[in-house]
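To start, the structure under review is shown below, and the notes come after it.
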Amino acid sequence: MSNAMSHTVYPSLRDKRVVVTGGGSSIGAAIVESFAQQGAHVAFLDIAEAESRELERRLADRPTRPRYYACDLTDVAAIRASFPYIREQLGRIDVLINNAGGMLGRRGIAEYSEEHLQSVLALNVTQVVMFVHEVVPIMRRQGGGSIINVSSIAARTGGAGGAVLYAAAKGFISTATHGWARELAGDNIRVNAVSPGVVTTPFHERYSTPAQLETMRASIPMGRLGTADECAGTFLYLASDSLSGYVTGQVVEVNGGQYMP
């Protein structure tokens, strides 16, 4: 981890029980590793078993080594079925990080189909809503917690270049973050979101051409693309009651200055 924040130990994060969706690679893996470094207990869910098992093996020597659960996050029944394992591993849930999501391909309006739309919504909207639905009663019984969603700079810009449906789905996440924060404030549950900009992950290797990436890079004041490690510190901040105890309903932009609200 190159992120300076990840090398600092925050006592408020030690022994936290953290659930991370889509934790097997990219930003999700950086989140899992960062919380493990803090002495938090992490359970992470992902459908990519090979990458997730490798991450689990790589972090096996940590005192609070993360635990992986294989789960198709687009399957509501599978999400519900994961909770006995999560409760067995963690005992409680202090932090839920709804990181899983994806574009599922760039498509212009002429290429839309109901099947594609439903797939985008299942991955980027439905599973987030269902995790919140399952976790909030647990946090209420515990007396509080922190939910951190993942939006995207595309929610601000509209996601041109065939990414409009993905951008709209992430716009839902940003809006829901504000609404859930209001609804849950009285339960001592903080709800925030992290909105990454252009980060060098397999996401862009899969869906963006070198020319598209160069156009994006040229629009970033810092003059470069970000890394997954550079996103992880924001999740640590938002999960810590001592660092961000008065922060809720916020969408924190991490984009090198490409978008400044």
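The first residue of the sequence shown is numbered 1, and numbering continues consecutively from there.
Using a 4.5 Å cut-off on side-chain heavy atoms (C-beta onward), Val247 and Tyr237 make contact. For the pair Val132 and Asn98, the minimum side-chain heavy-atom distance is below 4.5 Å. With contacts defined as side-chain heavy-atom distances shorter than 4.5 Å, the pair Arg58/Glu33 qualifies. Counting heavy atoms from C-beta on, the side chains of Asn188 and Arg140 never come closer than 4.5 Å. Between Glu253 and Arg156 there is a side-chain heavy-atom pair separated by less than 4.5 Å. Contact check for Asp75 versus Ile79: no side-chain heavy atoms found under the 4.5 Å cut-off. Looking at heavy atoms from C-beta onward, His41 lies out of side-chain contact with Phe35 at the 4.5 angstrom threshold. Side-chain contact between Pro137 and Arg141: present, with at least one pair of heavy atoms (C-beta onward) separated by less than 4.5 Å.
Clustering ILVMFWY residues whenever any of their side-chain heavy atoms sit less than 4.5 angstrom apart, transitively, puts Val191 in a cluster other than the one holding Val251. Cluster membership for Ile47 and Val125, using ILVMFWY side-chain heavy atoms within less than 4.5 angstrom, is not shared. The hydrophobic cluster containing Leu45 also contains Met130, counting ILVMFWY residues as joined when their side-chain heavy atoms lie under 4.5 angstrom apart, directly or transitively. Criterion: ILVMFWY side-chain heavy atoms under 4.5 Å apart, direct or through other members. Under it, Tyr166 and Tyr259 are not part of a common hydrophobic cluster. There is no path of hydrophobic side-chain contacts, each under 4.5 Å, that joins Ile27 to Ile153.
Residues Asp229 and Thr227 bring no donor and acceptor atom of their side chains to less than 3.5 Å of each other. Side chain to side chain, Ser195 and Ser152 fail the donor-acceptor criterion of an N or O pair below 3.5 Å. Arg190 and Ser244 share a side-chain donor-acceptor pair at under 3.5 Å.
When each of Asn99, Leu236, Val252, Val95 is paired with Ile148, the side-chain contact (heavy atoms from CB on, under 4.5 Å) condition holds for Val95 and for no other. Exactly one residue among Val150, Val254, Asn192 makes a side-chain contact (heavy atoms from CB on, under 4.5 Å) with Phe235. That residue is Val150. Checked against Leu96 for a side-chain contact (heavy atoms from CB on, under 4.5 Å), the options Val136, Val20, Val135 give a single hit: Val135.
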### Task
Go through the steps for Leu121 and Phe172 under the test side chain to side chain contact (heavy atoms under 4.5 Å, CB included), then give the verdict.
CA-CA 10 Å; Leu121 294 177; Phe172 176 102; over 6 Å; no

### Message
If you apply the rule side chain to side chain contact (heavy atoms under 4.5 Å, CB included), what do you find for Phe44 with Ser52, and how did you get there?
### Response
CA-CA 9 Å; Phe44 67 101; Ser52 299; 3.7 Å; yes

### Message
Does Arg224 form a salt bridge (charged side-chain N to carboxylate O under 4.0 Å, His left out) with Glu230? I'd like the steps, not just the answer.
### Response
CA-CA 12 Å; Arg224 62 179 178 82; Glu230 290 176 311; 2.8 Å; yes

### Message
Using the rule given for side chain to side chain contact (heavy atoms under 4.5 Å, CB included), can you reason through Asn124 versus Ile173, listing the C-alpha separation, both sets of side-chain angles and the distance that settles it, and then say yes or no?
### Response
CA-CA 8 Å; Asn124 293 286; Ile173 297 303; 5.8 Å; no

### Query
Yes or no on side chain to side chain contact (heavy atoms under 4.5 Å, CB included) for Ile97 and Val19, after CA distance, side-chain angles and deciding distance?
CA-CA 6 Å; Ile97 299 177; Val19 175; over 6 Å; no

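Remark: Arg106 does not engage Glu111 in a salt bridge, criterion side-chain N to carboxylate O under 4.0 Å. Contact check on Glu88 versus Arg67 returns no salt bridge, with no Lys/Arg side-chain nitrogen under 4.0 Å from an Asp/Glu carboxylate oxygen. Under the 4.0 Å criterion applied to side-chain N and carboxylate O atoms, Arg17 and Asp94 are not assigned as salt-bridge partners. Comment: Lys16 engages Asp241 in a salt bridge, judged by a side-chain N to carboxylate O separation of less than 4.0 angstrom. Between Glu134 and Arg80 there is a salt bridge, since at least one side-chain N of the basic residue sits less than 4.0 Å from a carboxylate O of the acidic one.
The two residues Gly256 and Ile220 come nearest to each other via the heavy atoms O-CG2, 3.4 Å. The shortest non-hydrogen separation linking Asp187 to Glu183 is OD2-O, 4.0 Å. Nearest approach of Val199 to Ala228, heavy atoms of both residues: CG1-N, 3.5 Å. In this structure, Gln127 and Thr21 approach most closely via the heavy-atom pair OE1-OG1, 4.4 Å. Closest approach of Ala30 to Ala232, counting heavy atoms only: O-CB, 3.8 Å. Across Ser113 and His116, no two heavy atoms sit closer than the pair OG-N, 3.0 Å.
Panel note: side chain Asp46, backbone Gly24; a donor-acceptor pair is recorded below 3.5 Å. Distance alone, capped at 3.5 Å, places no donor-acceptor pair between the Gln258 side chain and the Ala218 backbone. Thr200 contributes a side-chain N or O that, together with a main-chain N or O of Gly226, makes up a donor-acceptor pair within less than 3.5 Å.
Counting non-hydrogen atoms of neighbouring residues, nucleotides and ligands closer than 6.0 angstrom, the CZ atom of Arg14 reaches no more than 12 such neighbours. More than 12 heavy atoms of other shown residues, nucleotides or ligands fall within 6.0 angstrom of atom CZ in Arg92.
Relative ring orientation between Phe83 and Phe131 is described as tilted, the plane-to-plane angle lying within the 30° to 60° band.
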